[in-house]
Amino acid sequence: MEAVQQATEAKSRIIDIMNETLNKTRKQRKDNWPVSEKLEVPAQKRAKFLGLGGSNLKRLLIETGVQVTQLEDSTYSVFAPSQAAMDEAKEMIDQFLTADREPELEFGAIYTAKIIEVRDIGVMVTLYPTMNPALLHNSQLDQRKINHPSALGLEVGGEIQVKYFGRDPVSGLMRLSRKVLQGPASSVLRNLGPPGAPGPRRKASDPGNPDPLDTR
């Protein structure tokens with residue numbers, strides 16, 4: 001009994017010391033604490049929020065570390081590793097919800113891409129005015145191996161034809177290739193330009209390629 005009594009007194013003393021040190025919860029959160037919020041997305045804006053194949057949610061995770069989980073039809077849980085990440089994610093979400101709807105791209109179709117930046121590893125291109133730039137890697141620019149886009153005379157503002165192979169299932173990024181168009185392979189040329197621009201042109205049929213984005 002004496003041992004039990006001593007343990008009880010010791011526990012009470014420890015609690016008293018804890019109360020003297022911190023007698024109430026902190027009102028101000030630390031900047032590096034994880035945060036979680038609920039987000040309501042109207043049904044008519046759900047497609048903009050998610051993106052094609054969930055590409056917007058994948059982009060949020062890759063760029064900010066923020067995870068979005070659907071709780072109900074229009075309710076989502078947003079979990080961020082810090083308040084700064086949450087603020088960045090909110091800005092991106094606002095952009096998703098206010099952006100113009102992306103045109104629907106056809107797998108295997110050919111589009112006119114505009115070069116907006118030249119990098120050592122390839123060129124950044126857009127297929128339509130509101131599109132986030134996509135990287136067209138050097139390995140997909142030409143049948144020959146090149147070390148820099150300038151070897152092909154590619155410059156900012158120039159236009160090239162590319163074939164669309166959907167989006168990467170993990171990153172959600174576009175998969176484009178110019179290389180596959182340099183052989184006999186071809187398909188339908190799609191036009192995503194302003195109204196009044198020339199329509200699609202028919203080309204020879206595509207014999208197919210088991211792995212058109214093979215970088216070997």
Side-chain angles (χ1 to χ4, degrees), residues 46-63 92 95-96 98-216:
R46 196 179 306 157
K48 285 186 177 182
F49 173 64
L50 299 176
L52 186 63
S55 58
N56 287 346
L57 302 189
K58 294 173 185 175
R59 184 179 163 200
L60 274 175
L61 180 61
I62 292 172
E63 296 187 14
M92 293 179 65
Q95 293 175 4
F96 296 156
T98 57
D100 294 333
R101 186 176 179 86
E102 293 185 358
E104 212 166 299
L105 303 180
E106 181 181 342
F107 187 95
I110 300 171
Y111 296 93
T112 298
K114 184 175 182 180
I115 301 173
I116 64 166
E117 184 182 351
V118 176
R119 298 183 177 180
D120 291 340
I121 60 173
V123 293
M124 302 297 293
V125 300
T126 56
L127 305 186
Y128 48 89
T130 58
M131 171 182 160
N132 290 318
L135 174 66
L136 184 56
H137 194 270
N138 285 340
S139 62
Q140 296 303 322
L141 284 174
D142 199 88
Q143 296 281 1
R144 300 161 295 176
K145 183 177 180 179
I146 63 169
N147 294 322
H148 195 277
S150 60
L152 302 174
L154 300 180
E155 298 177 347
V156 173
E159 293 185 346
I160 55 177
Q161 305 302 318
V162 297
K163 195 166 186 177
Y164 174 71
F165 290 100
R167 291 180 178 269
D168 185 277
V170 177
S171 66
L173 299 177
M174 281 190 183
R175 302 173 74 223
L176 305 171
S177 178
R178 175 178 179 266
K179 177 175 71 174
V180 298
L181 302 178
Q182 296 181 325
S186 189
S187 130
V188 179
L189 176 62
R190 300 297 183 187
N191 177 32
L192 294 180
R201 299 193 299 272
R202 286 280 172 185
K203 292 191 176 182
S205 60
D206 189 343
N209 190 330
D211 190 2
L213 297 187
D214 191 349
T215 58
R216 290 177 294 178

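Sequence positions, counted from 1, serve as the residue numbers for this chain. Computation of the quantities below employed the complete heavy-atom set of this structure, encompassing side-chain atoms and omitting hydrogens, waters and symmetry-equivalent molecules.
- The minimum heavy-atom distance linking R119 with H148 is given by the pair O-NE2, 3.9 Å.
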Under the side chain to side chain contact (heavy atoms under 4.5 Å, CB included) rule, what do V125 and L176 come out as? Steps first, then yes or no, please. CA-CA 10 Å; V125 300; L176 305 171; 3.8 Å; yes

Go through L136 and L141 one step at a time and tell me if the side chain to side chain contact (heavy atoms under 4.5 Å, CB included) criterion holds. CA-CA 7 Å; L136 184 56; L141 284 174; 3.5 Å; yes

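- Surrounding CD of E117 are more than 12 heavy atoms belonging to other residues, nucleotides or ligands, all under 6.0 Å away.
- R178 is listed as a side-chain neighbour of L152, based on a closest heavy-atom distance under 4.5 Å.
- Between Y111 and E104, the shortest heavy-atom contact is OH-O, 4.5 Å.
- Using modelled atom types, no side-chain atom of Y164 and backbone atom of M174 make a donor-acceptor pair closer than 3.5 Å.
- Interatomic distance, K163 NZ to E106 CD, rounded to the nearest 0.5 Å: 10.5 Å.
- Taken from CG in L105 to CZ in R167, the straight-line distance is 7.0 Å, to the nearest 0.5 Å.
- Taking every heavy atom of both residues into account, F107 and G166 meet most closely at CD1-N, 3.6 Å.
- Annotation for E159 and T112: closest pair OE1-CG2, 3.6 Å, computed over non-hydrogen atoms.
- For K58, the NZ atom counts as densely surrounded, since its 6.0 Å shell holds more than 12 non-hydrogen atoms of other residues, nucleotides or ligands.
- Contact detail for V118 and L154: the closest heavy-atom pair is CG2-O, 4.1 Å.
- For L61, the side chain to side chain contact (heavy atoms under 4.5 Å, CB included) test picks out Q67, with sequence neighbours left out.
- Residues P133 and T126 approach most closely at CA-CG2, 4.0 Å, considering heavy atoms.
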Evaluate the side chain to side chain contact (heavy atoms under 4.5 Å, CB included) criterion for residues F49 and L57: first the C-alpha distance (whole Å), next the side-chain angles of each, then the deciding distance (0.1 Å), finally the verdict. CA-CA 8 Å; F49 173 64; L57 302 189; 4.0 Å; yes

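- Put simply, the side chain of Q140 never gets that close to the backbone of K179: no donor and acceptor are under 3.5 Å apart.
- A donor-acceptor pair under 3.5 Å is absent between the side-chain atoms of D168 and the main chain of L173, judged by distance alone.
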Full working for side chain to side chain contact (heavy atoms under 4.5 Å, CB included) between D142 and Q182: CA-CA 7 Å; D142 199 88; Q182 296 181 325; 2.8 Å; yes

